[in-house]
Number of protein chains: 2
Amino acid sequence: MIDAKEYLKKKSAELDGPIKKFIVDDEPANLIEASRQYPYAGGKRMRPAMVLASCGAVGGNPSDAMPLAVAVEYIHNFTLIHDDLMDGDEVRRGMRTIHVGYGMPTSVLAGDWLFSRACEIISNMDIPPEKVVKVLKYITKAVCDLGRGQQMDVNNEGKIVSEDYYVETIKLKTSVLFAAAAAGGAIIGGADDRTAETIYDYAIDLGLGFQMHDDYLGVAGDPAKTGKSVGNDIRKGKCTCMVTHAMRTIKDPKILEEFKSILGKIDATDAECARAKQILEDAGSIAYAKDLAKKRVESAIERIGFLPESEDKEFMIALARYSIEREV
Amino acid sequence: MIDAKEYLKKKSAELDGPIKKFIVDDEPANLIEASRQYPYAGGKRMRPAMVLASCGAVGGNPSDAMPLAVAVEYIHNFTLIHDDLMDGDEVRRGMRTIHVGYGMPTSVLAGDWLFSRACEIISNMDIPPEKVVKVLKYITKAVCDLGRGQQMDVNNEGKIVSEDYYVETIKLKTSVLFAAAAAGGAIIGGADDRTAETIYDYAIDLGLGFQMHDDYLGVAGDPAKTGKSVGNDIRKGKCTCMVTHAMRTIKDPKILEEFKSILGKIDATDAECARAKQILEDAGSIAYAKDLAKKRVESAIERIGFLPESEDKEFMIALARYSIEREV
């Protein structure tokens with residue numbers, strides 16, 4: 001059985017060269033430097049690994065898909081740069097965020113540049129034009145959706161939304177780029193449209209499980225491992241599946257009132273946050289969210305059952321499991 | 001002889017429907033609404049008109065190029081939204097700019113969304129995939145360059161740069177999208193690579209002339225017509241061809257000192273700005289810049305001399321002339 005974490009590390013090392021190669025020195029130097037920060041810094045690199053794996057899993061040569069893998073990572077980093085600016089976040093991966101380090105204008109431009117560079121790289125891929133166009137249809141649709149998801153997040157900050165709305169938001173914010181990456185890799189690997197669509201659906205499920213688990217870690221994870229303060233999401237009033245579950249499940253009005261009084265309280269004490277977590281636990285909301293994520297990942301794995309056995313398929317399965325088992 | 005202004009108005013009216021059609025209602029409504037503001041508001045729409053004309057001028061059917069025309073206009077508007085945010089501008093086309101009307105996060109996202117939507121529209125065009133890929137190579141390269149040009153502008157605000165550097169900046173900021181639009185239209189119309197490249201070069205020259213004339217209007221234009229205060233560019237210390245010419249031409253150190261003391265003085269009086277303009281006039285800098293723009297436009301027109309006579313070619317010539325004859 002493949003260890004997804006180890007495999008990701010190996011793939012990330014292989015991706016390092018190409019990720020650096022596709023950004024050459026150019027004028028003005030500060031724009032190029034700002035654009036390089038996040039892609040060079042690493043991260044899990046799950047999306048590009050997904051591109052390569054799905055290309056291989058349908059019988060293609062993963063190295064054919066390398067430019068797409070790089071492009072997808074640039075797009076992910078473009079959205080991180082802009083999201084950090086919008087959210088006012090000051091630190092990522094232990095570094096100053098781009099708007100803090102280079103100023104607002106350069107952070108806007110670095111994001112724009114990474115996105116246009118990504119589309120340029122895909123347009124210049126040495127594969128048949130029909131494949132390029134199919135890949136770009138997936139990718140550009142995904143980036144439209146990402147923007148919609150982030151806007152939904154901005155609009156609903158601190159509000160309680162329905163579970164359906166929450167799932168739609170994380171689908172747009174997280175799943176669609178995973179899915180476009182996976183489908184794109186499959187197309188380059190020679191998959192027919194139906195196979196690409198099935199792999200797309202696999203990655204949608206995987207992305208949902210991944211994000212639900214992320215939310216779980218935000219409340220129930222080990223801060224020493226995640227590097228995130230346990231109370232953060234509670235203080236921000238982040239409306240996750242745990243919260244929507246608690247809202248509809250807690251029958252005792254006093255406890256519900258207590259929970260609501262802590263959720264979104266920006267200066268809540270650690271003790272208050274611990275109490276909110278306990279309420280979620282007692283209501284079964286944490287277990288509920290964990291189960292929801294697990295079902296998504298099971299669905300993801302089931303969808304790609306038809307693929308012939310291969311190391312790449314094994315990795316795609318392991319990656320789905322890893323999405324909801326990771327501690328960080 | 002075609003009247004470029006009248007023809008542009010006619011084309012703009014034809015473009016109105018398609019420009020609206022390609023943005024359908026979607027969630028979240030405020031993102032879609034913000035994204036619509038600039039494209040719906042009009043403007044000269046020179047870039048999409050260029051797409052249609054160059055498609056027709058090489059013997060193609062301009063309606064085949066309509067989606068590209070719309071996409072190019074969206075890209076232009078995406079850059080306007082982000083530029084307005086970076087520059088802190090509060091009014092455009094008589095409306096509040098997007099970051100003022102909708103807040104910073106939504107202005108970032110509306111720009112991102114328009115750009116990704118533009119690429120999605122091109123990817124979905126009903127033309128052979130080889131053509132789509134060729135068009136996208138031009139367009140994505142242009143957007144990378146646009147970002148570089150805007151960053152150069154940000155970096156050099158209030159600084160005196162060389163004329164070469166100034167020309168490189170306006171080429172990236174203005175010409176490359178004109179040129180990608182023109183080349184893209186030609187490719188869709190059936191042009192071979194060399195013809196597309198020549199039409200690209202035509203539009204590079206046209207864009208340079210257009211921007212040099214814009215700078216001219218900023219100093220010597222009629223404020224009642226341009227809607228811009230005459231002193232604006234002087235107070236901002238904008239380094240144009242007029243300024244670089246003055247810097248290297250004025251021999252009297254006292255006059256040079258006087259000019260420098262006004263240029264970039266944010267609270268310069270109208271009288272001071274008028275004096276700076278007079279110094280530019282006396283040094284021959286205004287005439288010099290006008291002549292530079294004229295030479296570019298003549299070069300542009302010469303480049304497309306080989307095209308067979310047609311109304312579209314006539315418009316391309318008229319548009320080049322209009323670029324340096326317009327009063328607004």
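Per chain, numbering begins at 1; letters A, B, ... match sequence-line order.
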Requested in this report: May I ask you to check whether over 12 heavy atoms, not counting those of Lys20(A), lie within 6.0 Å of atom NZ?
Outcome: yes
Report summary line: Assert top hit (heavy-atom pairs under 4.5 Å, partner chain A, pool Ser123(B), Gly147(B), Gly149(B)) equals Ser123(B)
Query raised in the report: Above 12 or not: heavy atoms from other molecules or residues under 6.0 Å from CG of Asp126(A)?
Result: no
Query raised in the report: Out of curiosity, Lys141(A) NZ to Arg117(B) CZ, how far, rounded to the nearest 0.5 Å?
Result: 9.5 Å
Query raised in the report: What do you reckon, is CZ of Arg96(A) surrounded by more than 12 foreign heavy atoms closer than 6.0 Å?
Result: no
Report task. Against chain A, work out which of Glu130(B), Glu168(B), Lys131(B) has the most heavy-atom pairs shorter than 4.5 Å and name it. Result -> Glu130(B)
Query raised in the report: What are the two closest non-hydrogen atoms of Thr106(B) and Gln151(A), and how far apart are they?
Result: OG1-NE2, 3.0 Å
Query - Test side chain to side chain contact (heavy atoms under 4.5 Å, CB included) applied to Val143(A) and Asp112(B), step by step - result: CA-CA 8 Å; Val143(A) 180; Asp112(B) 293 349; 5.9 Å; no
**Report entry** Which of Gln150(A), Lys137(A), Glu27(A) touches chain B most, by non-hydrogen pairs under 4.5 Å
**Finding:** Lys137(A)
Query raised in the report: Which atoms of Phe78(A) come close to chain B, meaning under 4.5 Å heavy atom to heavy atom: side chain ones, backbone ones, both, or neither?
Result: side chain
Report summary line: dist Cys119(A):SG -> Phe115(B):CZ (nearest 0.5 Å) comes out at 5.0 Å
Requested in this report: Please list, in residue-number order, every residue in residues 152-162 of chain A that has a heavy atom less than 4.5 Å from any heavy atom of chain B; write 'none' if there are none.
Outcome: Met152(A), Val154(A), Asn155(A)
Query raised in the report: Less than 4.5 Å apart, any side-chain heavy atom of Met86(B) and any of Leu109(A)?
Result: yes
Query - More than 12 heavy atoms of other groups within 6.0 Å of Lys171(A) NZ - result: no
Report task. Kindly compute the distance separating CD1 (Ile121(B)) from OG1 (Thr140(A)), expressed to the nearest 0.5 Å. Result -> 9.5 Å
Report task. Name the region of Asn30(A), side chain, backbone, both or neither, that has any atom closer than 4.5 Å to a heavy atom of chain B. Result -> side chain
Query - Reported SG-to-CG distance for the pair Cys144(A) and Asp26(B), which is rounded to 0.5 angstrom - result: 9.5 Å
Report task. Find the distance between CG (Leu136(A)) and CD (Glu120(B)) and round it off to the nearest 0.5 Å. Result -> 11.0 Å
Query raised in the report: Can you tell me how far the CG atom of Asp145(B) sits from the CH2 atom of Trp113(A), to the nearest 0.5 Å?
Result: 10.0 Å
Query raised in the report: Checking heavy atoms, do the side chain of Leu85(A), its backbone, both or neither come under 4.5 Å from chain B?
Result: both
